[in-house]
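Okay, structure first, notes after.
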Amino acid sequence: MAPVTDPCWVIHLPTRLTSVDEVAALAMALRRSLGHVLAIDFGETTLSEEDRQFARTRIWCDAPLDGPDLRPAARCGRPAGHDGGCAPTPE
(Lines give C-alpha, C1' and ligand atoms only; values in the text may rest on other atoms or scores of the structure.)
Protein backbone atom coordinates (compact mmCIF):
# COMPACT_ATOMS: atom_id res chain seq x y z
CA MET A 1 0.00 0.00 0.00
CA ALA A 2 1.34 3.45 -0.93
CA PRO A 3 1.96 5.86 1.95
CA VAL A 4 -0.66 8.51 2.51
CA THR A 5 0.70 12.01 1.98
CA ASP A 6 -0.71 15.34 3.00
CA PRO A 7 -2.12 17.43 0.13
CA CYS A 8 0.06 20.23 -1.24
CA TRP A 9 -1.29 23.72 -1.54
CA VAL A 10 -1.22 26.09 -4.52
CA ILE A 11 -0.77 29.86 -4.36
CA HIS A 12 -2.85 31.69 -6.97
CA LEU A 13 -1.15 35.02 -7.56
CA PRO A 14 -3.29 37.36 -9.68
CA THR A 15 -1.53 40.15 -11.57
CA ARG A 16 -2.64 43.33 -13.28
CA LEU A 17 -0.75 42.38 -16.43
CA THR A 18 -2.76 41.96 -19.64
CA SER A 19 -0.21 40.19 -21.87
CA VAL A 20 0.68 36.49 -21.59
CA ASP A 21 4.28 37.41 -22.52
CA GLU A 22 4.47 39.90 -19.65
CA VAL A 23 3.05 37.35 -17.19
CA ALA A 24 5.51 34.68 -18.38
CA ALA A 25 8.37 37.18 -17.95
CA LEU A 26 7.17 37.87 -14.39
CA ALA A 27 7.05 34.13 -13.63
CA MET A 28 10.60 33.77 -14.97
CA ALA A 29 11.79 36.69 -12.82
CA LEU A 30 10.18 35.11 -9.75
CA ARG A 31 11.89 31.81 -10.57
CA ARG A 32 15.28 33.56 -10.85
CA SER A 33 14.86 35.42 -7.57
CA LEU A 34 13.12 32.69 -5.52
CA GLY A 35 14.51 29.54 -7.13
CA HIS A 36 16.49 28.77 -3.97
CA VAL A 37 13.25 28.32 -1.97
CA LEU A 38 12.76 24.54 -2.06
CA ALA A 39 9.11 24.79 -0.98
CA ILE A 40 8.22 26.33 -4.36
CA ASP A 41 7.88 24.00 -7.38
CA PHE A 42 8.43 26.43 -10.24
CA GLY A 43 8.42 23.57 -12.76
CA GLU A 44 4.67 23.26 -12.27
CA THR A 45 3.99 26.95 -12.91
CA THR A 46 1.04 27.58 -15.21
CA LEU A 47 -0.69 30.70 -16.47
CA SER A 48 -4.40 31.32 -17.03
CA GLU A 49 -6.65 34.22 -17.89
CA GLU A 50 -8.54 35.62 -14.92
CA ASP A 51 -11.94 34.37 -16.08
CA ARG A 52 -10.64 31.13 -17.68
CA GLN A 53 -8.65 29.58 -14.84
CA PHE A 54 -9.53 26.07 -16.05
CA ALA A 55 -7.48 26.69 -19.25
CA ARG A 56 -3.88 26.74 -18.06
CA THR A 57 -0.69 27.24 -20.05
CA ARG A 58 2.49 25.54 -18.81
CA ILE A 59 5.62 27.72 -18.88
CA TRP A 60 8.46 25.20 -18.47
CA CYS A 61 8.99 21.68 -19.81
CA ASP A 62 9.93 20.31 -16.34
CA ALA A 63 10.83 16.82 -17.67
CA PRO A 64 13.21 14.89 -15.40
CA LEU A 65 16.81 14.93 -16.62
CA ASP A 66 18.95 11.78 -16.71
CA GLY A 67 20.76 10.88 -13.52
CA PRO A 68 20.05 9.97 -9.92
CA ASP A 69 19.51 13.56 -8.74
CA LEU A 70 15.78 14.31 -8.84
CA ARG A 71 15.82 17.72 -7.12
CA PRO A 72 13.89 20.46 -8.97
CA ALA A 73 17.24 21.67 -10.38
CA ALA A 74 17.54 18.27 -12.14
CA ARG A 75 14.48 18.96 -14.29
CA CYS A 76 14.30 20.65 -17.67
CA GLY A 77 14.12 24.42 -17.36
CA ARG A 78 13.56 25.10 -21.05
CA PRO A 79 10.21 26.49 -22.25
CA ALA A 80 7.29 24.07 -22.61
CA GLY A 81 7.13 22.61 -26.13
CA HIS A 82 10.80 23.41 -26.84
CA ASP A 83 12.71 21.99 -29.79
CA GLY A 84 15.74 19.78 -29.19
CA GLY A 85 16.83 18.06 -26.01
CA CYS A 86 16.07 19.00 -22.46
CA ALA A 87 18.50 21.06 -20.36
CA PRO A 88 18.64 22.26 -16.75
CA THR A 89 17.47 25.69 -15.71
CA PRO A 90 20.15 28.27 -16.56
CA GLU A 91 21.68 29.88 -13.48
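Quick note: residue numbers are just sequence positions, from 1.
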Sequence-distant partners of S19, side-chain contact (heavy atoms from CB on, under 4.5 Å), two or more places apart
D21, E22

Of all heavy-atom pairs between I59 and A24, which one has the smallest distance, and what is that distance?
CD1-CA, 4.5 Å

Identify the heavy atoms of L65 and C86 that sit nearest to each other, and give their distance.
CD2-CB, 3.6 Å

Separation between CG of L30 and CD1 of I40, rounded to the nearest 0.5 Å
8.0 Å

Would you give the length of the straight line joining atom CZ of F42 to atom CG of L34, rounded to the nearest 0.5 angstrom?
5.0 Å

Starting from L26, can I reach V37 by hopping between I/L/V/M/F/W/Y residues whose side chains sit under 4.5 Å apart?
yes

Under the criterion side-chain contact (heavy atoms from CB on, under 4.5 Å), which of T57, T15, L13 is the partner of V23?
T15

May I ask you to test the P88-R78 pair for a side-chain heavy-atom distance under 4.5 Å?
no

How would you list all residue pairs meeting side chain to side chain donor-acceptor pair (under 3.5 Å) that involve residues 43-52, not counting sequence neighbours?
E44-R58, E49-R52

